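What follows is one structure encoded as structure tokens, with my remarks underneath.
Just so it is clear, the structure is predicted and the values come from calculations on it, not from any experiment.
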Amino acid sequence: MGAGVHVMLAKDIDSVAYAHYFVMKPRVLDRNLRDCFVTALDTEFRLPYHNPYTEQELQAKLGQPTLPGEYANTAQSFLTVCFGRGGHVARWKPDRPVALAELCGWMLRCLEEWKVDYAGKRIVVCSHWLLAEIQHISDLTPRFREYGSGYYGEYEFRPEEWTNYNPPQYRIEQTVGSVKFEFVDTYALFGMKLETLTADTPFPKRKDSEMWHGRPWKWWRAHPDVLFAEDEQVFWDYAENDVRALEYSVNYWRQWIWDKWNVDILREKTFSSIALRILRGYYLNESLEPYEIRETVTKKGRPKKEFRFDQTKRALRTDFMLGYYGGRREVYVRGFMNGPIYSYDVSKEYTTAAIMQPLPNAKTAWFGSKLPPDFNVNDYEGVVEFKFEFPENVKTPCLPVQDERFNKLVFPRCGVTRAGLAEVRLALKLGAKVDFLNGYVFRLGPDEINHPIRRFLEDVLRLANENNDRPGEKLFKNIANGLIGKLCYRREIERKEDRGWAERI
């Protein structure tokens with residue numbers, strides 16, 4: 001380097017304000033699948049309900065100092081473990097608390113009994129909804145309380161109520177001798193319940209709606225201790241089938257996505273990370289955002305290039321963040337409804353909306369904060385600040401305003417707000433009068449219309465539609481939504497996701 005040139009270390013750059021403004025640059029595709037050994041683990045359990053609240057807290061929450069009856073009745077602990085690989089399944093019914101090292105030791109003995117060659121490979125243990133499956137491990141239990149989850153009872157454990165399209169990764173690893181075990185949460189990997197995921201496999205999971213001995217199977221699944229006492233063989237057939245189904249599904253979709261995009265899902269571990277990896281490796285030729293390159297060095301003194309968001313565009317980013325609002329939910333009738341209620345849903349709405357929306361890229365020419373003289377809402381995209389007023393006959397104004405009185409979005413007939421031009425165009429169709437104040441906008445060009453994110457989502461949407469009413473439809477829909485979720489929460493992604501949920505054990 002030339003004399004007098006000062007180069008900051010990477011750790012020093014990270015300590016500077018806004019240093020975490022990473023840009024999403026392309027990434028080389030995987031050259032091969034991980035050289036690991038894929039296995040599956042499943043538990044059937046019935047635990048006493050965990051009550052983390054004091055009597056005073058229960059009084060404040062429930063209006064009474066004790067738990068409701070269905071929670072107060074303590075159940076005797078019941079736990080079975082099934083472990084599988086390549087058609088082999090082992091079963092274990094421990095009668096005492098089990099530590100993680102003991103569990104891994106048992107799995108290792110199973111592999112040795114099956115004469116499976118795992119030498120030199122990391123053993124990846126796939127478990128569906130990992131928090132529930134390993135909550136029984138004695139040395140991990142305190143970490144669940146630290147994380148804020150506590151135990152899962154059957155009334156609390158509702159994995160189908162999935163609202164987070166940027167799911168967390170849980171780093172749980174264990175070494176036994178020279179063998180390393182790594183646990184992967186396959187619910188975060190696929191984003192669907194096991195019954196949906198395994199529907200097309202040779203080992204479909206028993207449906208919750210199926211009747212058996214006078215009760216729906218969902219009841220028996222929630223009471224495995226009673227099922228075990230009623231018919232032990234049926235219990236083990238069900239439990240072992242879940243393991244075979246999960247292993248089959250992981251291997252099938254891992255190979256499918258590898259053949260399609262050269263991305264190994266076991267490296268990414270969540271469907272949102274899979275989406276971002278596919279976009280960066282398969283669809284990007286350069287960063288999507290304005291960027292600058294900084295010359296720096298690593299801790300070992302090696303030259304390094306840092307791609308960071310162009311700080312001269314900070315006002316642009318801030319303006320867009322101020323124009324980013326949430327959703328809307330409302331009804332127009334008070335009290336109970338006497339007549340029928342109709343509900344409508346747009347299929348794959350997030351994906352379709354993102355495909356329709358032109359997006360900027362690193363080379364997009366911006367105008368702002370003063371709008372250009374020839375500004376027209378039909379020729380530009382971006383975020384603008386403006387005054388508006390709807391006619392009195394408009395019952396559903398569509399422009400969000402952040403109400404300072406209670407920090408909520410409201411949709412008034414008049415006001416001042418900052419919003420995207422797509423929202424403005426809808427307001428104009430409803431007859432609103434709009435007076436533009438300022439904003440950041442760009443002209444529509446072929447690169448903005450045929451954006452890499454659009455191409456990616458079009459491909460994923462086509463795959464989802466080709467797999468209608470099958471597990472693939474749910475998976476590809478999650479991958480599409482996962483990309484949107486990942487982009488929304490990406491500001492510190494490279495730093496946070498490497499840490500994982502727990503330290504290595």
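Separating the CG atom in Leu475 from the CH2 atom in Trp253 is a distance of 5.5 Å, to the nearest 0.5 Å. Interatomic distance, Cys36 SG to Lys121 NZ, rounded to the nearest 0.5 Å: 8.5 Å. A distance of 9.5 Å separates CG in Leu246 from CG in Leu189, rounded to the nearest 0.5 Å. If you take CG on Leu130 and CD1 on Ile172, they are separated by 4.5 Å, rounding to the nearest 0.5 Å. Annotation: the span from Leu284 atom CG to Leu279 atom CG amounts to 4.5 Å, rounded to 0.5 Å. Between the CD1 atom of Ile278 and the CG atom of Leu29 there is a distance of 9.5 Å, given to the nearest 0.5 Å.
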Item to complete: Could you go through the side-chain contact (heavy atoms from CB on, under 4.5 Å) check for Val460 and Thr351 one step at a time?
Response: CA-CA 9 Å; Val460 174; Thr351 312; 5.8 Å; no

Fill in: side chain to side chain donor-acceptor pair (under 3.5 Å) evaluation trace for Tyr282 with Asp459
CA-CA 12 Å; Tyr282 207 83; Asp459 287 348; over 6 Å; no

Worksheet item: When you look at Trp129 and Phe45, which way does the ring pair (Phe, Tyr, Trp, His ring centres under 6.0 Å) test go after all the steps?
Response: CA-CA 13 Å; Trp129 195 265; Phe45 60 90; over 10 Å; no

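Judged as a salt bridge (Lys or Arg N to Asp or Glu O under 4.0 Å), and not counting sequence neighbours, the contacts of Glu182 are Arg34, Arg122, Lys269. Legend: residues meeting salt bridge (Lys or Arg N to Asp or Glu O under 4.0 Å) with Arg470, ordered by chain and number and at least two apart, are Asp200. Legend: residues meeting side-chain contact (heavy atoms from CB on, under 4.5 Å) with Asn378, ordered by chain and number and at least two apart, are Asn376, Arg425. For Arg109, there are no salt bridge (Lys or Arg N to Asp or Glu O under 4.0 Å) partners two or more places apart in sequence or in a different chain. For Asp447, there are no salt bridge (Lys or Arg N to Asp or Glu O under 4.0 Å) partners two or more places apart in sequence or in a different chain. With sequence neighbours excluded, the residues that form a side-chain contact (heavy atoms from CB on, under 4.5 Å) with Lys305 are Ile293, Glu295, Phe307. With sequence neighbours excluded, the residues forming a side chain to side chain donor-acceptor pair (under 3.5 Å) with Asp242 are Lys205, listed by chain and number. Shown here are the side-chain contact (heavy atoms from CB on, under 4.5 Å) partners of Ala199, two or more places apart in sequence or in another chain: Pro471. The side-chain contact (heavy atoms from CB on, under 4.5 Å) search around Tyr380 returns Phe367, Pro372, Asp374, Phe375, Leu421, Val441, Arg443, not counting sequence neighbours.
Looking at Asn450, its side chain never comes within 3.5 Å of a backbone N or O of Pro446 through a donor-acceptor pair. Here the side chain of Thr186 pairs a donor or acceptor atom with the backbone of Ser127 at under 3.5 angstrom. Here the side chain of Asp117 pairs a donor or acceptor atom with the backbone of Ala119 at under 3.5 angstrom. When atom types are taken as modelled, the side chain of His223 and the backbone of Asp225 share no donor-acceptor pair closer than 3.5 angstrom. The backbone N or O of Tyr252 lies less than 3.5 Å from no partner atom in the side chain of Gln255, so there is not a single donor-acceptor pair. The backbone N or O of Leu359 lies less than 3.5 Å from no partner atom in the side chain of Glu381, so there is not a single donor-acceptor pair. Side chain of Glu195 to main chain of Asp208: a donor-acceptor pair is present (N/O by atom type, distance under 3.5 Å, no hydrogens or angles). In this structure a side-chain-to-backbone donor-acceptor pair under 3.5 Å is missing from Asn468 to Glu473. The backbone N or O of Leu288 sits nowhere less than 3.5 Å from a side-chain atom of Asn361 that would complete a donor-acceptor pair.
Arg91 and Glu240 are joined by a salt bridge, as a carboxylate oxygen and a charged side-chain nitrogen come within less than 4.0 angstrom of each other. Between Glu349 and Lys477 no salt bridge is recorded (no basic side-chain N to carboxylate O distance below 4.0 Å). Using a 4.0 Å cut-off between charged side-chain N and carboxylate O, Arg454 and Glu458 make a salt bridge.
For residues 79-89, no pair satisfies side chain to side chain donor-acceptor pair (under 3.5 Å), with sequence neighbours left out. Residue pairs meeting the salt bridge (charged side-chain N to carboxylate O under 4.0 Å, His left out) criterion with at least one member in residues 253-266, sequence neighbours excluded, are Arg254-Asp264, Asp264-Arg267.
With a 4.5 Å cut-off on side-chain heavy atoms, Arg46 and Pro224 count as touching. Annotation: side chain of Cys398 is not in contact with side chain of Phe411 (no heavy-atom distance under 4.5 Å). Using a 4.5 Å heavy-atom cutoff, the side chains of Ile355 and Phe456 are not in contact. Side-chain contact between Glu173 and Phe183: absent, with no pair of heavy atoms (C-beta onward) separated by less than 4.5 Å. Here the side chains of Phe190 and Val250 are in contact, with some heavy-atom distance below 4.5 Å. Contact of the Trp92 side chain with the Trp106 side chain is registered, since non-hydrogen atoms from C-beta on lie closer than 4.5 Å. Using a 4.5 Å heavy-atom threshold, the side chains of Trp219 and Val226 count as touching. Residues Glu112 and Tyr118 meet the side-chain proximity criterion, which asks for heavy atoms closer than 4.5 Å.
Under the ring pair (Phe, Tyr, Trp, His ring centres under 6.0 Å) test applied with Phe320, the options Phe442, Trp366, Tyr440 reduce to a single match, Trp366. None of Leu197, Asp185, Asp42 except one satisfies the side-chain contact (heavy atoms from CB on, under 4.5 Å) rule with His128; the exception is Leu197.
A donor atom on one side chain and an acceptor atom on the other are not found under 3.5 Å apart for Thr201 and Thr198. Side-chain N/O atoms of Glu247 and Thr39 include no donor and acceptor closer than 3.5 Å. Using modelled atom types, one finds no donor on one side chain facing an acceptor on the other under 3.5 Å when comparing Glu44 with Tyr238.
Considering all non-hydrogen atoms of both residues, Leu103 and Leu41 come closest at CD2-CD2, 4.2 Å. The shortest non-hydrogen separation linking Gln357 to Ala422 is OE1-CB, 3.8 Å. The shortest heavy-atom contact between Gly472 and Asn467 is C-CB, 3.7 Å.
Atom NZ of Lys207 has 12 or fewer neighbouring heavy atoms from other residues, nucleotides or ligands inside a 6.0 Å radius. Summarising the local packing, CE of Met356 is surrounded by 12 or fewer heavy atoms from other residues, nucleotides or ligands at distances under 6.0 Å.
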Give every donor-acceptor pair under 3.5 Å between a side-chain atom in residues 228-236 and any protein atom, sequence neighbours left out.
residue	atom	partner	partner atom	Å
Glu230	OE2	His213	ND1	2.9
Asp231	OD1	Gln233	N	3.3
Asp231	OD1	Val234	N	3.2
Glu232	OE2	Trp236	NE1	3.3
Gln233	NE2	Asp237	OD1	2.8

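A cation-pi arrangement is not found for Arg221 relative to Trp217, the charged atom failing to lie both closer than 6.0 Å to the ring centre and inside a 45° cone about the ring normal.
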